[in-house]
Amino acid sequence: MKKISSLFVLLALGLLFTNCVGPKSLQKQINRTAYEPVLILDSEQVAEKSDKTVAFEVLNESPLTPESTVFKNDGHFLYLLVFFTYEYDMTITLGDNASNPSALTVLQNAFFGTFDRSGVLHRTNKEEGSETDYKAIVRVKELDIKCDYMNKGFGFGSFSTAEAHAQKSEGKILLNLELYDQEGTLLLEKDYVENRIMDFASNTTNYSQVKKMAMKNLVENLTVTSQAVALEMTRDINASIQGHKELTASSEVINEIPVEKQ
């Protein structure tokens, strides 16, 4: 009877240990902390802004999940009473709540901050009943920031060892922009895709710190990728506004030319 009880305890300990090293455990751990992004706005400031205004509407149409997720690509856990070994190959995908403020807010702040510095128009909040000279709709189609994460270990008797490694983060942001004038004429419609691979600013071999380092790298990738796509969008809006102004000015000149009566 005692042998059966001991065997049951050992099996229970094995099951418990399995839940401590696999993807479910990692997912719980990485969602306990929200990391603060460092957003440095350093785009060139325009010398003089137009007296025209633009209102932005940002719509999230991406499959971004609130929490960061962990997907097991491959892995195993072997437990034989006094011996165990495990190895997991996983992928961590950044969730909206992984940063504070949220990932979508970081993206929006990067665009608004860049446009306020480098855009030729004054950005204004679109309130019900108010009029603006231009309107822009930004659709977030994809916000995918991820990295591969591996952990492995083994133990025999009272001895055990473990190690973990995180790979470079891979970021992809896909946005769609529509720009309209006051009459509702479409001036610009374009998709923006920004892909970026980022290495770690600092590295560590500490098993408990690797997951934190990986999450910080994912958030850093988010900020840098957001700023890159924000700058490209701002430049295209400026060019479209300038082209629209020139076209409008030409039309006004043509309308002012007197028509000779026959």
Between Ala103 and Gly95, the two heavy atoms sitting closest are CB-O, 4.1 Å
Between Glu194 and Lys172, is there a side-chain N and carboxylate O pair less than 4.0 Å apart?
no
Are Thr65 and Asp96 packed together at the side-chain level, in the sense that at least one heavy-atom pair is separated by less than 4.5 angstrom?
no
Under the criterion side-chain hydrogen bond (donor to acceptor under 3.5 Å, both in side chains), I'd like the reasoning laid out for Asn73 against Thr91: C-alpha separation, chi angles, the key distance, then a yes or no.
CA-CA 7 Å; Asn73 302 310; Thr91 298; 2.9 Å; yes
Hydrophobic cluster membership, Leu26 vs Leu218, 4.5 Å side-chain cutoff
yes
Can any side-chain N or O of Thr105 pair as donor or acceptor with the backbone N or O of Pro101 at less than 3.5 Å?
no
Taking Lys49 for the side chain and Gly119 for the main chain, is one N or O donor matched with an acceptor at less than 3.5 Å?
yes
Closest contact, heavy atoms only, Asn238 versus Ser118:
ND2-O, 2.9 Å
Lys211, NZ atom: more than 12 neighbouring heavy atoms under 6.0 Å:
yes
So does Asp89 pair up with Lys72, basic N to acidic O under 4.0 Å?
no
Using a side-chain heavy atom cutoff under 4.5 Å and only I, L, V, M, F, W and Y, what cluster partners does Ile137 have?
Leu59, Tyr180, Leu186
Please give me the minimum heavy-atom distance between Gly171 and Ile145, naming the atom from each residue.
CA-CD1, 3.5 Å
Mutual orientation of the aromatic rings belonging to Phe84 and Phe77 [parallel < 30°, tilted 30-60°, perpendicular > 60°]:
parallel
Checking Asn151 against Tyr86: is there a side-chain donor and acceptor pair closer than 3.5 Å?
no
For the rings on Phe56 and Phe115, is their centre-to-centre separation under 6.0 Å?
yes
Quick one about His165 and Glu163 (side-chain donor to acceptor, distance below 3.5 Å, no hydrogens or angles considered), yes or no?
yes
What I'd like to find out is whether the side chain of Thr93 reaches to under 4.5 Å of the side chain of Ser68, using heavy atoms alone.
no
Report the distance from atom NZ of Lys146 to atom OG1 of Thr69, rounding to the nearest 0.5 Å.
10.0 Å
The residue among Ile173, Leu175, Leu174 that forms side chain to side chain contact (heavy atoms under 4.5 Å, CB included) with Glu142 is Leu174
If only side-chain N and O atoms count, and only distance matters, is there a donor-acceptor pair under 3.5 Å linking Glu61 with Asn176?
no
For the pair Glu170 and Lys168, find out whether any cationic side-chain nitrogen is under 4.0 Å from an anionic carboxylate oxygen.
no
From CA spacing to verdict: side chain to side chain contact (heavy atoms under 4.5 Å, CB included), His244, Asp181:
CA-CA 9 Å; His244 183 248; Asp181 67 9; 3.5 Å; yes
Linking I/L/V/M/F/W/Y whenever any side-chain heavy atoms sit under 4.5 Å apart, do Phe71 and Leu94 land together?
no
So, are Glu44 and Arg117 salt-bridged, with charged N and O less than 4.0 Å apart?
no
Can you find a pair of side-chain heavy atoms, one from Ser160 and one from Phe154, that are under 4.5 Å apart?
no
Worked verdict on Met233 versus Val138 for side chain to side chain contact (heavy atoms under 4.5 Å, CB included)
CA-CA 10 Å; Met233 290 175 63; Val138 180; 3.9 Å; yes
Under the side chain to side chain contact (heavy atoms under 4.5 Å, CB included) rule, what do Ile197 and Ser169 come out as? Steps first, then yes or no, please.
CA-CA 6 Å; Ile197 297 176; Ser169 61; over 6 Å; no
Are Asp133 and Val54 side-chain neighbours, meaning at least one heavy-atom pair lies under 4.5 Å?
no
Can you tell me if CZ on Phe156 sees more than 12 non-hydrogen neighbours from other groups inside 6.0 Å?
no
Tyr88 OH to Ser25 OG distance, which is reported to the nearest 0.5 Å
10.0 Å
Considering residues, nucleotides and ligands other than Asp191, do more than 12 of their heavy atoms fall under 6.0 Å from its CG?
yes
Closer than 4.0 angstrom, basic N to acidic O: yes or no for Lys190 and Glu178?
no
Less than 4.5 Å apart, side chain to side chain, heavy atoms only: is that true for Gln167 and Tyr149?
no
Separation of Gln242 CD from Ser50 OG (nearest 0.5 Å):
9.5 Å
How long is the gap from NZ on Lys212 to CD on Gln29, to the nearest 0.5 Å?
10.0 Å
Would you say the side chain of Leu179 lies within less than 4.5 Å of the side chain of Ile237, judging by non-hydrogen atoms?
yes
How would you list all residue pairs meeting side-chain hydrogen bond (donor to acceptor under 3.5 Å, both in side chains) that involve residues 106-116, not counting sequence neighbours?
Asp116-Arg123
In the hydrophobic cluster built from side-chain contacts under 4.5 Å, what are the other members alongside Leu39?
Leu41
Between Arg196 and Asn221, is there a side-chain heavy-atom distance shorter than 4.5 Å?
yes
Find out whether Met198 and Asn217 are in side-chain contact, i.e. whether some heavy atom of one side chain is under 4.5 Å from a heavy atom of the other.
yes
Please walk me through it: do Thr223 and Ser226 pass side-chain hydrogen bond (donor to acceptor under 3.5 Å, both in side chains)?
CA-CA 5 Å; Thr223 58; Ser226 296; over 6 Å; no
Let me see the working for Leu231 and Val229 under side chain to side chain contact (heavy atoms under 4.5 Å, CB included), right down to the final yes or no.
CA-CA 5 Å; Leu231 183 57; Val229 72; over 6 Å; no
Spatial distance of atom CG (Asp144) from atom OG (Ser62) [nearest 0.5 Å]
9.5 Å
To the nearest 0.5 Å, what is the distance between CG on Leu64 and NZ on Lys141?
15.0 Å
